[in-house]
Amino acid sequence: MQLRIKKSLTYLLPALLLVVAGGLLLCLNRPTLWADPTILTVTVVSTHPAPDLSALTANIASAQSLYNSATEGTLPGQYPAPLKANLLSAILAASAINNSYTQSQVDAAALNLQTAMNTFSAGMIDLTPLHAAIVTAQNDLSHAVVGVAAGNYAQASVDTLSAAVVVAQGIVSAIAQSVILTATATLKTATAFFEGSVVLANNQILLAPSTSLTSATPEAVVTSGNTATSSIIVPLTVTNPTLDLSILVTQTATSSSATTPGDIVAHVTTPVGVAVMTIPGAAVITSSDILWDGTFNLLQNVSTSLVSTPSISGQPTSAVMAVEIGAGSTPLTLDTAVRIAMTGKAGYFAGFSYNGSVTPIETVCADDTQATNNLLPADGDCRITVGQDMVIWTKHFTKFVAYSVTTSSGGTTGSSGGGGGGGLLASIPPPYSPTAGSVILRGLAYASSTVTLMQDGQITARTLSDVTGAFEFTLSNITPGVYTYGVQAADSHNTRSTLRTVTVIVTPAAGTIISGVLLPPTISADKTQAKQGSAINFFGQSVPGAPLSLLIRSLLQHTVAKSLSANAATGEWQSLFLTDSSAPGAYTASIISLIGTSTPLSADLSFIIGNADVSKQNLPAAILALSPDGVVNLNDFSVLAYWYKRPLTAAGAKADLNHDGVIDLKDFSILAYYWSGN
Amino acid sequence: MKVSISATQKTVWDEVVPRFCEVPPLFIGLCVGILAVSFLSFAAPARAATLSFDPQDHTVGMATPFEVGLRLDAGASVNTVSITLVFPPNLTPVDVSDGNSIINFWVDKPTYSEANRTLTFSGIIPGGYTGTGGRLILLKLKASAPGSATLTADAGRSVIYLNTPDAVADTFIVRPFTLSVETGKENMPNQIPDNAPPEAFLPSLVRIPDELGKEQIAVVFATQDKGSGISQYEVRETPSDAWFADDQGWQVAQSPYVLRDQDLRSVIEVRATDKEGNARIETIATPYPIPWYATGTFDALLTLAVMLLAFAFVILKRRKRKLSKSIKQ
């Protein structure tokens, strides 16, 4: 062991000595490092470049000029006392910065001084906004007629606004600009309140952030208070939606104009699809007719048969959607662009029409933004495809049309249907067809409902409709041939609609678009039997805002009809049927939607007026016995097929849907009626 | 159908009727009348359904077959058809295609009776069909003698049901069609090739009680072929422990097909083949696979393992014996 330690020391000691010697040499060569560490700090600072003071210097000069030209005081154009002192302090602080500061410190000082100048300028007493508000209020007052007729105002409203104007006019100076701004806001609020107090006509409704027009109130009145974005829902039942800016109209010797106080977005459902128009805030709508009263049609549906579309390469064309915006023969122009989206019309030709003949819109928009399209020339238009929609940007109001080429035989080009279920459908390929072998199917169901698509009787896809009830399916890689598509929707109570079907031929050459699938309303009841004298509550869902007719038929085929409307937002409907005047017996209830060219009929709902109340069941007992889960599909078909032409025993009794003791085609027909797919 | 409101049928409503229906009796009548007309226009058949023939040519020869389609025009929605066609002595169907038929599910596949010279079929269209020119079947016919030949349907043995909850028969018209059969006339062959298999489908299992009420498990299936039409379906059941599926195991089947393996230990395949031989196979995975310890594979492996162990045991025994012998020596 001792020997080993000795051996180690023999190597370790010389190495240790070498390290100590090296360290001493290093210290001797760097005396300052040991002597005074502050010297090192000074050396580092002295190596930085001088900062660029030019921006700061310029700001100081501007601030100095501003300061020198400003007059302290409370009158318009003057600056309240503290502002000058504050600016002077900022100037002095900036002037203290020199080459000894870092660049970032110099930049921060320049920014601080700029901020101080902005604050100073904004603090100048300025009565301009208040005077503008006074002019607006006085304009309102000058046109106001006291009375109770539509468009009139109550005397109290006039007096209140007049008083507010007097108060505002009394302000000629202020200790701070914020006082002026507060007075301006107060007057604007009073003006908006006054405008909102106008006596509305029976068909008018005040525009709110979210407004649903109805067939009873198809006209929305805009006031200067509508500064936030206003959304207008126009259901299918409103055929004459109108926007009324008459309160905001100002007239000159040569024109009449109105300025939108905020963005206005209108969602309009027409029989041929949904159109959405966005009018930006501060858009000036002008008419050369000084008698224009500030009202105009808001995407009013125009019958496509009334629109004469131009031929393309010698081939005739026909309109698939036409909407009118404007004031009839009175031309209306805008200083900023308005966006009109025809949903689901991607790829169609676009045009506009003043007098019946359509002028094609050839220009393709550079993009789909407000800023870019504001650069359109006066009265200019352009079109652009956005997803499945055709979007038109325009600076004038008139009729806008989507159209496509038709064949000489009168049908539209490309694939066409071999027949339509319910006679409601058309297969219209646009000029730029969807992918060959693809099928696009669009229609209207209920607001936010689950819609199921069946292809040849078997479920292919499901989707969710939007708030207007619109839905769309896109199928691709379809083998060419004849297909029967069935569409069914479930309402908010999970009651399924009847199945709407269409049979089409899918060709290999072009895609197929099926549009206008209108699902019938659903109907349910809280009872299947009502004691005579009690009430049955019928309810269901339809396309939002649809006019409906509830039909009650007795076995003797006496029919009672009742008109009602579905809720404009949700499409839900309900009606209480009192049975005290009805004879005991079996009845059937159904509901028809009276929109579009077809009148889709709901399923028949049987009920009895008897001597006791019996709560509801959604499907007939025979169907539920066969299919307890209520899903009627191939499995149930197979049960019938098994018993078809066999002696019927008790085991197969559930397949006998009409209880006639035999499984025959009548049972298959009943099954086909209640079919819901897999 | 008469639509009116009688005094005894007057109904009390909870809501206010539309204004134009409110007061004058005349207006009430007008109101209800408008609604009734709109109701009737939908509920009643817009027009009777029509069965007609869509021939390839009005004049045909006898050397080769030619095609004639049977079409349905339906003014009101119909969901079930059962048709009996009648053939003249000089026309005989040699094939019937359901390709591109509007019928989605067949109750009776087209069947020809030489004795009666009739062809019958029936099927359903879930949700109903409304329109014109919907093809029901495509007939391939052969003419055997010159002269005129009239194709028609036997209205007395045919029925079409409206798409209603209570199986109401629709009225329909048959438009017979007369062909001229000429010697030497050449029939144009069908040039459209069918290379596509039948449409994808989803077979499923159902329990169906037999005549005695005992439940039996069956596989159900249906699909369409958009070209030549479905020729046949076949089902194959392959035990889940089988190493290979048997090509000879396909059984011609009709839906519903009662499974041989009622324990559902097999992979179930359904093959749909069109008339051009294009086939599509859909598979139902084994619902209750044979457990690993009960499969033939496991048995074979177990046997092999036992044999190996026995072999190893023998080898070791021999070595041990040899070692003992060498130590003794």
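Numbered from 1 within each chain, the chains take letters A, B, ... in sequence-line order. Computed over heavy atoms, backbone and side chain alike; hydrogens, waters and symmetry mates excluded.
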Greatest number of heavy atom pairs closer than 4.5 Å to chain A - which of B/Asp166, B/Val220, B/Ile103: B/Val220
Closest non-hydrogen atom pair, B/Ala222 against A/Gln458: O-NE2, 3.1 Å
For the student: nearest non-hydrogen atoms of A/Gly481 and B/Asn100, plus distance: CA-OD1, 3.0 Å
Distance in Å, B/Thr80 OG1 paired with A/Asp664 CG, rounded so as to fall on 0.5 Å steps: 10.0 Å
Rounded distance (nearest 0.5 Å) linking atom CG of A/Leu499 with atom CD1 of B/Ile125: 12.0 Å
Side chain to side chain contact (heavy atoms under 4.5 Å, CB included) assessment of A/Phe637 paired with B/Val107: CA-CA 9 Å; A/Phe637 176 83; B/Val107 178; 3.9 Å; yes
Heavy-atom neighbours of B/Lys275 NZ exceed 12 at 6.0 Å: yes
Inter-residue atom distance A/Leu665.CG - B/Asp108.CG, 0.5 Å rounding: 7.0 Å
Per-residue contact mode, A/Gln455 against chain B (heavy atom under 4.5 angstrom): side chain
Residue part contacting chain A, namely of B/Ser122, when any heavy atom lies under 4.5 Å: side chain
Student check: side-chain heavy atoms of B/Val206 and A/Tyr642 closer than 4.5 Å: no
Under 4.5 Å from any heavy atom of chain B - which part of A/Tyr674: side chain
Neighbour count above 12 (heavy atom, 6.0 Å) for B/Gln254 CD: no
B/Glu199 portion near chain A, given a 4.5 angstrom heavy-atom threshold: side chain
Which atoms of B/Ile208 approach chain A - backbone, side chain, both or neither, heavy atom under 4.5 Å: side chain
Part of B/Asn79 lying under 4.5 Å from any heavy atom of chain A: both
Nearest-0.5 Å distance, OG of residue B/Ser77 to CZ of residue A/Arg500: 8.5 Å
Residue among B/Ser255, B/Gly123, B/Gly127, B/Pro165 with most heavy-atom pairs under 4.5 Å to chain A: B/Pro165
Side-chain donor/acceptor of B/Gln224 to backbone N/O of A/Val482, under 3.5 Å: no
For the student: nearest non-hydrogen atoms of B/Ile102 and A/Thr484, plus distance: O-OG1, 4.0 Å
Side chain / backbone / both / neither for A/Thr479 at chain B, heavy atoms under 4.5 Å: both
Heavy-atom closest pair, residues B/Ile124 and A/Trp675: CD1-CZ3, 4.0 Å
Greatest number of heavy atom pairs closer than 4.5 Å to chain A - which of B/Pro256, B/Pro126, B/Ser204, B/Pro209: B/Pro126
Heavy-atom pair with the smallest gap, counting every atom of A/Asp456 and B/Phe105: O-CZ, 3.9 Å
Region of B/Val78 that comes under 4.5 Å of a non-hydrogen atom in chain A: neither
Quiz item: cation-pi between B/Lys226 and A/Tyr483, 6.0 Å / 45°: yes
Under 4.5 Å from any heavy atom of chain A - which part of B/Ala196: side chain
